[in-house]
Amino acid sequence: MEQTKYVLSEKDMPKQWYNILPDLPEPLPPPLHPGTGKPLTPDDLAPLFPMELIKQEMSLERYIDIPEEVREIYRLWRPTTLFRARRLEKALKTPAKIYYKYEGSSPPGSHKPNTAIAQAYYNKKEGANRITTETGAGQWGSALAFAGAVFNIDVKVYMVRISYDQKPYRKIMMQTWGAECVPSPSTHTKAGRAVLEQDPNSPGSLGLAISEAVEEAVSRDDTHYSLGSVLNHVLLHQTVIGLEAKKMLEQIGDYPDIIVGCVGGGSNFGGMLIPFVKDKIEGKKPDLRIINVEPASCPTLTKGPYSYDFGDEAGLTPLLKMNTLGHDFMPPPVHAGGLRYHGMAPIICHLLNLGLVEARAVHQLGTFDAGVQFARSEGFISAPETDHAIRAGIDEAIKCRETGEAKTILIAHSGHGLVDMAAYEAFFAGKLKDYAYPGAKIQESLKKLPKV
Ligand SMILES: *Cc1c(COP(=O)(O)O)cnc(C)c1O
């Protein structure tokens with residue numbers, strides 16, 4: 001029998017997250033205070049996050065226990081399945097072996113609750129009963145809304161206006177889980193009002209929605225803030241993906257030659273690649289290729305300089321050393337809303353800078369082609385973000401067909417696309433296009449990089 005799906009039992013779910021910070025060949029450049037330019041202290045972050053998350057953000061402990069209360073919720077959908085894409089392999093006539101780890105089976109349908117549940121738990125434990133956050137296409141907002149329902153926390157989500165209007169279903173999911181969702185720019189904050197004065201019809205951006213959520217959290221004692229990607233503690237929580245994948249492949253007796261994943265802020269792919277890049281750092285698998293895939297219209301890793309920048313539009317967040325397109329860069333409106341962010345997780349940028357991982361940019365139409373081919377062979381309809389990973393996985397499998405090499409390819413599958421059918425509809429109707437590299441806009445935005 002040719003096995004198609006591999007599952008771990010609940011008791012084999014990881015009991016600890018893996019923290020890569022102590023194992024990096026060179027230390028990660030520290031975040032800086034936006035006012036003083038000095039390295040950030042835990043106290044600087046205290047108005048925003050619970051202490052346990054601040055500790056995790058800076059921790060040099062290699063393994064960090066996953067609280068039993070968090071594992072209990074994880075068990076609703078974890079461990080997630082590792083699939084062997086046998087029908088896709090046949091369709092591509094490739095000698096490559098293709099695996100994908102499927103995160104679409106969580107209640108909100110993506111990897112995001114892996115950290116939303118953990119963050120909500122630590123907030124609740126430290127007495128925070130209200131959290132603000134931002135969301136682009138709505139994946140993160142719905143994941144935190146779900147976590148708020150689990151731990152009985154009030155969640156307020158600033159949702160980028162253009163998505164709020166165009167993608168109503170994620171907003172209704174948030175309401176179903178009991179969260180409040182408002183369009184950004186809003187009249188609730190100074191940052192939002194300033195933009196509305198300039199342009200009452202502003203479509204908003206992720207950077208601006210972050211400014212609004214942070215501003216509200218800082219101005220209220222009863223409210224914390226939560227970020228769904230980019231930060232070290234978020235990637236830490238997502239390592240359950242890579243730890244499970246590694247354990248399953250070990251049981252099969254296989255190991256990837258190539259790992260691909262899509263990157264917006266870098267959390268799902270960071271979570272997948274971190275346990276594997278450890279082997280590369282230790283020299284156990286020196287030729288392992290790890291490919292970060294991003295939209296050509298928002299080419300943070302492939303075109304952005306590695307430089308300190310703000311995480312948000314208004315400049316309220318700490319300065320992070322990362323590849324960046326500039327904090328007020330507004331990317332073209334591609335349908336992979338979760339990949340439209342000007343920056344990237346500092347851990348991934350550091351690994352790229354050290355030459356331990358690679359980056360590749362792909363155009364929108366090719367990603368939908370890949371998503372449709374995947375759906376017609378594997379069945380699952382994937383999020384437009386995930387289609388970027390699938391594009392790169394298929395391209396690598398096609399190269400294997402040409403060279404005759406039977407490589408093992410592992411795709412990080414970040415979520416299903418069942419709430420993104422309007423994007424597929426536009427694709428089938430021929431309404432989608434590829435955007436040229438927005439070089440002039442990026443140059444303009446990069447002029448405003450902070451000097452440190
Ligand atoms: C949010 C999202 C992404 C991008 O975010 P990362 O932090 O880079 O993982 C990718 N895929 C899906 C399905 C998402 O919801």
Side-chain angles (χ1 to χ4, degrees), residues 7-19 49-53 55-57 63-82 101-133 135 138-157 170 173-179 224-229 231-245 247-248 267-268 270-272 274-275 412-416 418-419:
V7 287
L8 290 170
S9 71
E10 285 182 19
K11 69 173 175 18
D12 287 330
M13 195 172 68
K15 295 191 170 62
Q16 296 176 311
W17 294 299
Y18 166 57
N19 175 20
F49 301 113
M51 256 315 147
E52 194 55 38
L53 291 178
K55 269 197 232 153
Q56 290 178 3
E57 188 64 23
Y63 290 97
I64 294 176
D65 289 341
I66 307 175
E68 188 43 45
E69 292 88 339
V70 171
R71 295 183 81 243
E72 188 186 317
I73 310 302
Y74 276 180
R75 282 199 286 271
L76 282 173
W77 72 95
R78 305 210 72 84
T80 60
T81 305
L82 178 76
K101 184 86 157 75
Y102 185 66
E103 291 295 309
S105 54
S106 73
S110 77
H111 65 286
K112 290 201 170 76
N114 295 331
T115 185
I117 290 295
Q119 293 192 41
Y121 166 77
Y122 291 117
N123 271 288
K124 187 74 186 183
K125 198 172 163 211
E126 296 183 30
N129 289 310
R130 189 167 182 279
I131 304 179
T132 58
T133 195
T135 196
Q139 289 268 20
W140 169 244
S142 56
L144 195 67
F146 159 61
V150 167
F151 289 108
N152 198 16
I153 294 173
D154 291 335
V155 173
K156 178 169 174 185
V157 182
R170 287 268 161 203
M173 289 168 75
M174 293 178 226
Q175 286 166 351
T176 306
W177 279 308
H224 271 163
Y225 166 73
S226 166
L227 189 63
S229 187
L231 298 179
N232 301 343
H233 68 265
V234 179
L235 272 64
L236 172 79
H237 301 153
Q238 295 294 356
T239 58
V240 287
I241 301 173
L243 292 167
E244 286 177 6
K247 195 181 250 183
M248 287 165 162
S267 72
N268 88 84
M272 173 63 96
I274 282 172
H413 193 297
S414 53
H416 72 64
L418 298 180
V419 196

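Residues: numbered from 1 along the sequence shown.
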Quick one: are [X] and [Y] in side-chain contact, heavy atoms under 4.5 Å?
| X | Y | value |
| --- | --- | --- |
| Lys124 | Asn129 | yes |
| Val155 | Phe146 | no |
| Ile73 | Leu76 | yes |
| Leu8 | Met248 | yes |
| Leu144 | Thr135 | no |

For the residue pair [X] and [Y], what are the closest heavy atoms and their distance?
| X | Y | value |
| --- | --- | --- |
| Ala149 | Trp177 | CB-O, 3.5 Å |
| Ile241 | Asn268 | CD1-O, 4.0 Å |
| Ser226 | Ile131 | CB-CG2, 3.5 Å |
| Ala145 | Ala179 | CB-CB, 3.6 Å |
| Ile64 | Gln56 | CG2-NE2, 4.0 Å |
| Ile66 | Pro14 | CD1-O, 3.4 Å |

Check whether [X] reaches the backbone of [Y] with its side chain - one donor and one acceptor, N or O, closer than 3.5 Å.
| X | Y | value |
| --- | --- | --- |
| Thr239 | Tyr18 | yes |
| Glu57 | Leu231 | no |
| Tyr74 | Asn114 | yes |
| Gln238 | Gly270 | no |
| Lys101 | Thr80 | yes |

How far does [atom1] of [X] sit from [atom2] of [Y], to the nearest 0.5 angstrom?
| X | Y | atom1 | atom2 | result |
| --- | --- | --- | --- | --- |
| Glu72 | Glu10 | CD | CD | 10.5 Å |
| Gln139 | Met173 | CD | CE | 7.5 Å |
| Thr115 | Leu53 | OG1 | CG | 7.5 Å |

Hey, which of Tyr122, Phe49, Trp17 is the one that makes ring pair (Phe, Tyr, Trp, His ring centres under 6.0 Å) with His233?
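For His233, the ring pair (Phe, Tyr, Trp, His ring centres under 6.0 Å) check succeeds only for Phe49.
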
Check step by step if side chain to side chain contact (heavy atoms under 4.5 Å, CB included) holds for Asn123 and Phe151.
CA-CA 9 Å; Asn123 271 288; Phe151 289 108; over 6 Å; no

For His111, which of Ser106, Ser267, Ser414 qualifies under side chain to side chain donor-acceptor pair (under 3.5 Å)?
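In the set Ser106, Ser267, Ser414, the residue that makes a side chain to side chain donor-acceptor pair (under 3.5 Å) with His111 is Ser267.
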
Regarding Glu68 and Arg71, does a basic nitrogen lie under 4.0 Å from an acidic carboxylate oxygen?
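A salt bridge links Glu68 with Arg71.
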
Polar contact flag, side-chain donor to acceptor under 3.5 angstrom, His224-Gln119
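No.
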
Salt bridge (charged side-chain N to carboxylate O under 4.0 Å, His left out) with Arg78: which residues, sequence neighbours excluded?
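Residues passing salt bridge (charged side-chain N to carboxylate O under 4.0 Å, His left out) with Arg78: Glu103, Glu244.
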
Assess the residue pair Lys15 and Tyr63 against the criterion (side chain to side chain contact (heavy atoms under 4.5 Å, CB included)); give the C-alpha distance rounded to whole Å, side-chain angles, the decisive distance to 0.1 Å, and a yes or no.
CA-CA 9 Å; Lys15 295 191 170 62; Tyr63 290 97; over 6 Å; no

